[in-house]
Amino acid sequence: MTPAARQQRTRDRTAIAFSNVGHACTHMYTVLYATAVLYLPQVFDLPYGELLTLSSLGLVLYGVAALPAGWLGDRWSQVGMMVIFFFGVGVGAIVTGLANGPGMVFWGLTLIGLFAAIYHPVGIAWIVASARKQGMSLGINGVFGNAGNSVAPVFVGLMIDYFSWRAAFVIPGVVAVAAGLALLVAWRRGRVADARTDRVPPPVREPGDALRVFLILTVTMACSGFVYAGITNTMPKMFEMGLGAGPDTSYTQIGLLVGIVSGAASASAILGGWLADRFSARSIYLVFWMLQVPLLFVIVSMTGASLLVTALLALSFNLSFNAAENMLVAQYTPARWRSLAYGAKFVLALGVAGLTVILAGRVFDAHGGFDLLFVWLGTAAIVAATAGALLPGRRRPVPLPAGAD
C-alpha cells in the first residue's frame, strides 16, 4: 500500500470513529430527559405528562433541522458540521442541567434537539462514503447509537440517586464539548477530512427505481420514527408501572433495566448490517416490520419478565433494518446530494418522533397509560410492512475493490 493510500485509510478510519462517537452522543443526549423527567415532577411541581412535552420542540427540530444540516454538510463540510454538532449538543445539555425552571429546561432541550439534528444526515453520509463494508460499518454504527440509548437511563438514574439530576446533563455536556475540540484539532492537522466519493461503487440502478424507493421510504421512515420514539420514550414509565415499582424502587434500578434492554437490543444492529450485505432490503423490511406488529399490540398488557422480553424483542426488530434502509438511501442518491437525502429522511423519522412525545404525554395524562398509543404504533408497523413489500429486490452485487477489507 502506498503512503497516500495508508493516509487515506487512516482518515477513513478516523472519520468512522468520530461518526460512531457522534452517533452514541446524539442518541444518549436526546433521551437523557426521558428518564430524568420521572424525577422532575417533585422538583418543579408539575405533572409528568406536562413535563414530558417540554422536550417536544427539541425532538421536532431533531428531525426538521436535519434537512438544512444535510444541505450544509453537502455544500460546506461534513467535518465542520460535526464539530458544530458536538459543541451544540454540549452547550444544550449544560443549559438544561443549570436550569432554574421549566422554561430553561425547555430551551436547553430545544438546543440539544436542534444541534443533534446535524448528526444523522451528516454523520451517516460521512460513514457511508468512508466505509469499505457499508452494511457492517452501518451495523456497528447502529450499535454505538443504541449504546447511547442504553447508557443514558443508567447514567441518569445514578446521577439522580447519588448526586443530582443536574449532573445528568452537565457532565455529558462537558464531554461533548471536549469531543468537539478533539475533532477540530484532528481536522486542522489533516488527520480527518470530508469524504465526497464512495469507497465502494453503488450497484446498477434500474430506471424508475429511485422515485419508487423514495416514495416507499417516505412511508416506512415516518412509521419507523413513530414506532422507535414511542418505544424508547415510554419505556422508563412502562417499566416503572409494569414491574411493580414501589416507593423504595430507585431511579438507578429503572434506568438499569431500560439500559439492559436497549443494550441487548443493539446487537440486532450488527445482525441487520450483516443481513444487509447478503439479502435484499425488501426481505429485511418485510420480516422485521411484520415481527414487530404483534409485540406492539400486546406490550402494554405485559408485566414483570414478560414485559422486559417483549420490549427487548420489539426494540431489536425495530433496529434490525436500519442498515438496509441507510444503504438504500445511499444507493439511490448521488454522493454530492447524500447528506441532503439523509436530511430528508430524518426530517420524517425524527420529526415524527417529536410529535410522538407530545402524543404520548397527552395519552398518558388522559388515560393513565399508553394502551391507545401502542395500538397506533402497531397500526403504523402494519402500514410500513405493506409499503416495504413494494420495494425493489436486490440488484447484482458489486465486488469490493482489490485490497479492500
Side-chain angles (χ1 to χ4, degrees), residues 21-37 40 49-73 81-99 101-124 145-146 148-149 151-153 155-156 165 168-170 172-173 175-177 179-180 221-222 224-226 228-234 236 339 342-361:
V21 171
H23 203 193
C25 286
T26 195
H27 280 277
M28 178 179 180
Y29 292 22
T30 52
V31 299
L32 288 171
Y33 191 68
T35 301
V37 72
L40 293 183
E50 184 176 342
L51 285 169
L52 181 63
T53 60
L54 293 178
S55 64
S56 59
L57 178 58
L59 290 174
V60 169
L61 289 174
Y62 186 31
V64 173
L67 195 60
W71 184 85
L72 286 170
M81 290 299 292
M82 288 295 293
V83 170
I84 294 173
F85 156 75
F86 282 117
F87 284 142
V89 295
V91 170
I94 292 170
V95 169
T96 304
L98 298 178
M104 194 169 172
V105 170
F106 169 80
W107 287 114
L109 295 173
T110 299
L111 286 174
I112 291 175
L114 175 65
F115 288 101
I118 294 172
Y119 175 75
H120 285 100
V122 177
I124 298 296
N146 210 52
N149 285 334
V151 169
F155 177 74
V156 173
W165 73 269
F169 292 91
V170 173
V175 170
V177 171
M221 290 185 299
S224 180
F226 182 43
Y228 179 79
I231 295 172
T232 56
N233 284 283
T234 62
S339 293
Y342 282 118
K345 166 187 170 176
F346 288 104
V347 164
L348 287 169
L350 302 178
V352 168
L355 300 176
T356 303
V357 172
I358 298 175
L359 181 63

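All residue numbers refer to positions in the sequence shown, counting from 1.
- A66 and P121 get closest at one heavy-atom pair: O-CG, 3.4 Å.
- Between F87 and V177 the shortest heavy-atom distance is CE2-O, 3.4 Å.
- Side-chain contact between V122 and F85: absent, with no pair of heavy atoms (C-beta onward) separated by less than 4.5 Å.
- T96 has its side chain out of reach of Y29: every pair of non-hydrogen atoms, C-beta onward, lies at least 4.5 Å apart.
- Taking the six-membered ring where the residue is Trp, H23 and H120 present perpendicular rings, their angle passing 60° and hence far from 30°.
- The shortest side-chain heavy-atom distance between T35 and F155 does not fall under the 4.5 Å cut-off.
- Contact annotation: the side chain of T356 never approaches that of Y228 to less than 4.5 Å [non-hydrogen atoms, C-beta and beyond].
- Taking 4.5 Å as the limit, every side-chain heavy atom of I112 sits out of range of all side-chain heavy atoms of Y33.
- When every heavy atom of T30 is checked against every heavy atom of A116, the shortest pair comes out as CG2-CB, 3.8 Å.
- Proximity of Y119 to M82: side-chain heavy atoms (C-beta onward) are separated by under 4.5 Å at one or more points.
- Minimum heavy-atom separation, V170 to I94: O-CG1, 4.0 Å.
- Considering V89, L72, I118 in turn, I118 is the only one that fulfils the side chain to side chain contact (heavy atoms under 4.5 Å, CB included) rule with I84.
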